[in-house]
Peer 1: 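Below: one structure in C-alpha cells.
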Amino acid sequence: MPFPLDREKTQKLTEELENVIAAHLGWFKQFSRLVACGVGIEEFQACDDAYLKSPFGQWYYRDSPHPLTGHPPFQDMAEIQQALHAHAREVVDGLRAGRRPSVEQHDACVDLALKLNNKLRHLQLDVIGDLLTTDPLTGCYSRRGMINRLQAEQERAQRIERPCSLCLIDFDHFKRINDQYGHPAGDTVLKQGMRFVGGVLRKYDMVFRYGGEEFLLCLPATPADDAAQVIERIRSGLEKMPIMLPGRHRLHVTASFGIAEVADGQPVEDSIARADTALLTAKHNGRNRVEIWRGD
Ligand SMILES: Nc1nc2c(ncn2[C@@H]2O[C@H](COP(=O)(O)OP(=O)(O)OP(=O)(O)O)[C@@H](O)[C@H]2O)c(=O)[nH]1
C-alpha cells in the first residue's frame with residue numbers, strides 16, 4: 001500500500017515500541033546488576049535461545065506479522081540483539097565458573113545494549129514521523145515532508161537511470177458534490193476514492209494530499225507514458241466505482257489527471273507545476289481525462 005500505516009495502527013505501534021524499549025532496558029538492568037553485584041546469576045537466562053525468550057525477542061519474533069517487517073532499521077536489530085545475547089552468555093558462563101568478565105566483554109555488552117536501544121528509539125521516531133506526515137482523512141501522506149520525499153525520489157531516479165513520474169489528481173466538480181450532498185459526503189468521496197487509488201498502485205508508489213480535493217502521486221521508475229497507462233486504469237476504475245454514502249446513497253465521481261516526469265537537476269516544485277499544467281489541460285479538454293505534460 002503506498003500509504004503510511006493508518007493512524008490507529010501507528011499510535012498502537014508507538015506505544016508498543018515504548019513498552020519494548022522499557023522491557024529491553026529492564027533486561028539490561030538485570031544483566032548489569034548481575035555483573036556488578038553478583039545478584040540473580042542462577043535465574044538469568046543465558047541459554048542458546050535466550051534471545052528468543054527475552055522481552056525484546058518475544059516481541060520481535062512473535063508469530064503475528066509485524067507492520068515494520070521490511071523496514072531496514074527493524075531488520076538490523078536482529079543481528080545486534082543476537083550478538084548482545086551471545087556476549088551476555090559468555091559473561092554469565094564466566095561468572096558461573098568464578099571468572100570476572102574482561103573489559104572487552106563488558107564493553108561489548110554495554111555497547112550492543114545501547115545500540116539496540118538507539119535503534120528502537122529511531123524506529124519509534126520514524127513511526128511518529130509517519131503519524132505527523134499522514135493526512136487524517138484519507139491516510140495519504142500529507143504535504144509536510146512531501147518535498148523531501150520527492151527530492152529523494154529525484155536523486156534515486158538519477159542513480160538508477162529510470163525516470164520518476166508525478167501525477168496530480170483533482171476530483172471533477174467536487175464543489176457540486178459538497179453542495180448537493182453535504183461536506184461529510186464529500187469527505188466520504190475523498191476517502192473511498194483515494195482508497196481505490198492506493199489499491200491500484202504499487203507499494204513503493206506514494207500518494208500525497210496536495211490540497212483540498214487534489215492529490216499528488218509519485219511513481220518511481222516509471223516514464224510518463226508508462227505512468228499514463230497506470231493512471232488510465234485509475235481513471236476508468238474510479239469512473240465505474242460506486243461511492244457508498246451514508247443512508248445507502250450511491251454516487252459516481254470522476255477525476256482529471258496531469259502527468260509530468262520529474263526533471264533532473266531542477267527543483268521538484270517545477271515538475272509539480274508541469275503536472276499542474278497537464279491537469280489544467282485535462283480540465284479544459286472536458287475533465288475525466290489523463291494528460292501528459294509535453295513541454296511548454
Ligand atoms: N468535503 C470536502 N470538500 C473539500 C475538502 N477540501 C476541499 N473541498 C472542497 O472542494 C471544492 C473544490 O472546488 P473547486 O476548486 O471549485 O473545483 P471543482 O468543483 O472540483 O471543479 P473542477 O476542479 O473544475 O472540476 C471546494 O468546494 C472545497 O470546499 C475536504 O476535505 N472535504
Side-chain angles (χ1 to χ4, degrees), residues 1-8 10-11 130-147 149-150 165-201 205-218 224 227-228 230-260 269 271-294:
M1 196 66 173
F3 294 172
L5 291 171
D6 72 44
R7 287 178 88 75
E8 216 174 292
T10 310
Q11 254 150 359
D130 249 13
L131 198 62
L132 293 175
T133 55
T134 307
D135 167 48
L137 178 69
T138 58
C140 303
Y141 286 110
S142 65
R143 267 180 93 147
R144 188 193 286 222
M146 180 185 81
I147 294 296
R149 288 183 206 266
L150 294 181
S165 286
L166 301 180
C167 174
L168 270 173
I169 307 181
D170 188 280
F171 284 87
D172 295 329
H173 299 304
F174 199 69
K175 190 170 173 322
R176 279 192 212 160
I177 297 171
N178 276 335
D179 290 349
Q180 203 170 335
Y181 300 94
H183 209 270
D187 284 357
T188 304
V189 169
L190 296 181
K191 229 194 263 185
Q192 290 185 21
M194 294 319 292
R195 194 177 314 139
F196 169 76
V197 172
V200 175
L201 296 173
D205 297 331
M206 284 179 277
V207 186
F208 300 90
R209 187 162 185 191
Y210 187 67
E213 23 70 270
E214 207 170 341
F215 294 83
L216 179 72
L217 311 189
C218 172
V230 179
I231 301 301
E232 177 52 32
R233 250 187 291 140
I234 292 176
R235 188 206 61 74
S236 65
L238 202 59
E239 165 184 63
K240 292 187 197 90
M241 187 183 79
I243 305 266
M244 304 307 295
L245 297 181
R248 298 176 172 237
H249 279 300
R250 301 168 102 204
L251 185 67
H252 282 271
V253 295
T254 61
S256 301
F257 303 81
I259 298 172
E269 288 87 341
S271 303
I272 299 175
R274 289 173 176 175
D276 200 29
T277 305
L279 172 63
L280 278 176
T281 309
K283 292 276 182 187
H284 276 300
N285 290 345
R287 298 182 172 79
N288 190 19
R289 296 172 61 85
V290 180
E291 296 284 350
I292 303 178
W293 184 83
R294 299 278 184 201

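Given the structure is predicted, the values throughout are model-derived calculations rather than measurements. All ligand and atom numbering here is 1-based and tracks the order in the structure.
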Peer 1: Using heavy atoms and a 4.0 Å limit, tell me yes or no: is His284 in contact with ligand 1?
Peer 2: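 False for this residue.
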Peer 1: Among protein heavy atoms, which sits nearest to atom 32 (N) of ligand 1, and what does the distance come to when rounded to 0.1 Å?
Peer 2: Asp187 OD1, 2.6 Å
Peer 1: Has Arg233 got a side-chain atom pairing as donor or acceptor with Ser236's backbone, closer than 3.5 angstrom?
Peer 2: no
Peer 1: For atom 22 (P) of ligand 1, what is the nearest protein heavy atom, given as residue, atom name and distance?
Peer 2: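 The closest one turns out to be Lys283 NZ, 3.4 Å.
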Peer 1: About how many Å separate CE of Met194 and CG of Asp135, when rounded to the nearest 0.5 Å?
Peer 2: 9.5 Å
Peer 1: Taking only heavy atoms of Gly186 into account, list the atoms of ligand 1 that are under 4.0 Å away from them.
Peer 2: 1 (N)
Peer 1: Which of the numbered atoms in ligand 1 are below 4.0 angstrom from a heavy atom of Leu190?
Peer 2: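 Once the distances to Leu190 are compared, the set is 30 (C), 31 (O), 32 (N).
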Peer 1: Begin with the C-alpha distance, continue with both residues' side-chain angles, and end with the deciding distance and a verdict on side-chain contact (heavy atoms from CB on, under 4.5 Å) for Ile234 and Leu201.
Peer 2: CA-CA 9 Å; Ile234 292 176; Leu201 296 173; 3.9 Å; yes
Peer 1: Nearest 0.5 angstrom please: Glu239 CD to Asn288 CG, how far?
Peer 2: 4.5 Å
Peer 1: Please work out, at 4.0 Å between heavy atoms, whether the side chain, the backbone, both, or neither of Asp170 comes within that distance of ligand 1.
Peer 2: side chain
Peer 1: Of all the non-hydrogen atoms in the protein, which one sits nearest to atom 18 (P) of ligand 1, and at what distance?
Peer 2: Phe174 N, 3.4 Å
Peer 1: Could you tell me if Arg143 sits above the aromatic ring of Tyr210, with its cationic atom closer than 6.0 Å to the ring centre and no more than 45 degrees from the axis?
Peer 2: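 Yes - Arg143 lies over the ring of Tyr210, closer than 6.0 Å to its centre and within 45° of its axis.
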Peer 1: Using a plain distance cutoff, I'd like to know if His183 has any nitrogen or oxygen under 3.5 Å from a nitrogen or oxygen of ligand 1.
Peer 2: yes
Peer 1: Yes or no, since that's all I need: does a protein heavy atom fall within a distance strictly under 4.0 Å of atom 14 (P) of ligand 1?
Peer 2: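 When distances to the protein are checked, atom 14 (P) of ligand 1 has no heavy atom within 4.0 Å.
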Peer 1: Arg287 heavy atoms, cut-off 4.0 Å: which ligand 1 atoms fall inside?
Peer 2: 22 (P), 24 (O), 25 (O)
Peer 1: Atom 28 (C) of ligand 1: which protein heavy atom is closest, and how many Å away?
Peer 2: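 Answer, as residue, atom name and distance: Asn178 ND2, 4.3 Å.
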Peer 1: Select one of side chain, backbone, both or neither to describe which atoms of Arg209 lie under 4.0 Å from any atom of ligand 1, heavy atoms only.
Peer 2: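 The side chain, only.
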Peer 1: Nearest to atom 7 (C) of ligand 1 by heavy atom, Gly211, Gly212, Ala282: which?
Peer 2: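 Comparing heavy atoms across Gly211, Gly212, Ala282, the nearest one to atom 7 (C) of ligand 1 lies in Gly212.
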Peer 1: What protein heavy atom is closest to atom 27 (O) of ligand 1, reported as residue, atom name and distance in Å?
Peer 2: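 It is Lys175 CG, 3.5 Å.
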Peer 1: Whether Arg149 engages the ring of Tyr141 as a cation-pi pair (distance to the six-membered ring centre under 6.0 angstrom, angle to the ring normal within 45°) should be assessed.
Peer 2: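 Ring-cation test returns yes.
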Peer 1: Could Asp179 and Lys175 be called an ion pair, given the rule that one side-chain N must be under 4.0 Å from one carboxylate O?
Peer 2: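 Salt bridge flag = yes for Lys175 with Asp179.
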Peer 1: Is any side-chain heavy atom of Ile231 closer than 4.5 Å to a side-chain heavy atom of Leu217?
Peer 2: yes
Peer 1: So, is Phe171 polar-close to ligand 1, with some N/O to N/O distance under 3.5 Å?
Peer 2: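 Among all N and O atoms of Phe171, at least one is under 3.5 Å from an N or O of ligand 1.
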Peer 1: So, Asp170 versus Ser256: side-chain donor-acceptor pair below 3.5 Å or not?
Peer 2: no
Peer 1: I want to check something: taking the side chain as every heavy atom from C-beta on, are Leu251 and Thr188 in contact at a cut-off of under 4.5 Å?
Peer 2: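 The answer is no, as the side chains (C-beta and beyond) never meet within the 4.5 Å cut-off.
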Peer 1: Tell me the protein heavy atom at minimum distance from atom 17 (O) of ligand 1, and give that distance in Å.
Peer 2: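 Heavy-atom neighbour on the protein nearest atom 17 (O) of ligand 1: Glu213 OE2, 4.1 Å.
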